[in-house]
Amino acid sequence: MSRIDCLIEYYKELPEVKRLKELEPYYDNNNEITKLLNEMDSLNKKMKVAYKEEDYSSYKQLKEEYYDKYQELLDIPFVEEFKELIDIIYNRLDTTSKIIENEIKKQLK
């Protein structure tokens, strides 16, 4: 088994990854979540335009609306857990990536 295969297996067996896979269908197929994410995406685009046009009062209002939608999203029971799991997994992947990068740099010196 290659080192990459070992890493893949390691990540597949993490409890956080297993739990995330359990939650994914609920997250992906939830109309309320989809609606909120689409609304947040739309607000984000409007915020960028307002900021670019230096319309800071509109930007502030849009930012507050965005935050409200985000809070609504987090109020859905498993969404906060889902988000936390993603953060944990990405942090581990980032750490692994940095370790690999440092090892490669050592070998190249």
Side-chain angles (χ1 to χ4, degrees):
M1 182 179 281
S2 74
R3 290 180 182 175
I4 297 296
D5 291 334
C6 289
L7 274 174
I8 291 168
E9 286 305 311
Y10 167 77
Y11 276 95
K12 280 183 179 179
E13 295 303 316
L14 288 174
E16 295 87 356
V17 171
K18 288 180 178 182
R19 179 66 178 145
L20 186 68
K21 285 185 178 203
E22 291 173 2
L23 293 176
E24 273 181 329
Y26 300 105
Y27 187 87
D28 292 341
N29 298 317
N30 186 305
N31 291 334
E32 184 180 1
I33 291 172
T34 302
K35 179 180 174 249
L36 285 167
L37 290 173
N38 288 337
E39 290 172 356
M40 289 170 63
D41 185 48
S42 176
L43 287 167
N44 190 29
K45 289 175 184 174
K46 291 176 185 176
M47 284 169 46
K48 288 178 183 178
V49 170
Y51 190 82
K52 187 176 180 181
E53 294 176 355
E54 298 182 2
D55 184 0
Y56 300 119
S57 63
S58 293
Y59 173 80
K60 183 180 178 189
Q61 179 186 351
L62 291 164
K63 188 175 178 180
E64 288 172 7
E65 289 177 43
Y66 182 92
Y67 181 77
D68 290 343
K69 296 291 178 191
Y70 182 71
Q71 286 306 119
E72 278 183 58
L73 186 64
L74 291 181
D75 286 343
I76 299 171
F78 64 90
V79 171
E80 191 164 359
E81 178 186 6
F82 188 84
K83 182 189 171 308
E84 287 172 4
L85 289 168
I86 288 175
D87 289 344
I88 290 167
I89 294 165
Y90 282 165
N91 285 334
R92 285 190 178 180
L93 285 169
D94 187 48
T95 300
T96 301
S97 175
K98 287 176 182 172
I99 290 168
I100 292 169
E101 181 182 341
N102 288 335
E103 288 301 313
I104 291 171
K105 285 179 182 178
K106 281 183 196 177
Q107 295 297 318
L108 293 175
K109 285 185 180 182

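To the nearest 0.5 Å, atoms CG (D28) and CG (L23) are separated by 10.5 Å.
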> Would E39 and K35 satisfy salt bridge (charged side-chain N to carboxylate O under 4.0 Å, His left out), going step by step from the backbone distance to the final call?
Replying inline: CA-CA 6 Å; E39 290 172 356; K35 179 180 174 249; 3.4 Å; yes
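Other residues, nucleotides and ligands place more than 12 heavy atoms under 6.0 Å from the OH atom of Y11. More than 12 heavy atoms of other residues, nucleotides or ligands sit less than 6.0 Å from atom OH of Y56. Summarising the local packing, CZ of F78 is surrounded by more than 12 heavy atoms from other residues, nucleotides or ligands at distances under 6.0 Å.
Salt bridge K105/E101: present, at least one basic N to carboxylate O contact under 4.0 Å. Under the 4.0 Å criterion applied to side-chain N and carboxylate O atoms, R92 and E16 are assigned as salt-bridge partners.
Note on I88 and Y10: separate hydrophobic clusters, where clusters join Ile, Leu, Val, Met, Phe, Trp and Tyr whose side-chain heavy atoms are under 4.5 Å apart, directly or indirectly. Under the 4.5 Å side-chain heavy-atom criterion for Ile, Leu, Val, Met, Phe, Trp and Tyr, L14 and I8 are members of distinct hydrophobic clusters.
Side-chain N or O atoms of N102 include one that pairs as donor or acceptor with a backbone N or O of K98 at under 3.5 Å.
Each of L37, T34, L20 was checked for a side-chain contact (heavy atoms from CB on, under 4.5 Å) with Y27, and the lone residue meeting it is L37.
A tilted orientation is assigned to the rings of Y70 and Y67, their planes being inclined by 30° to 60°.
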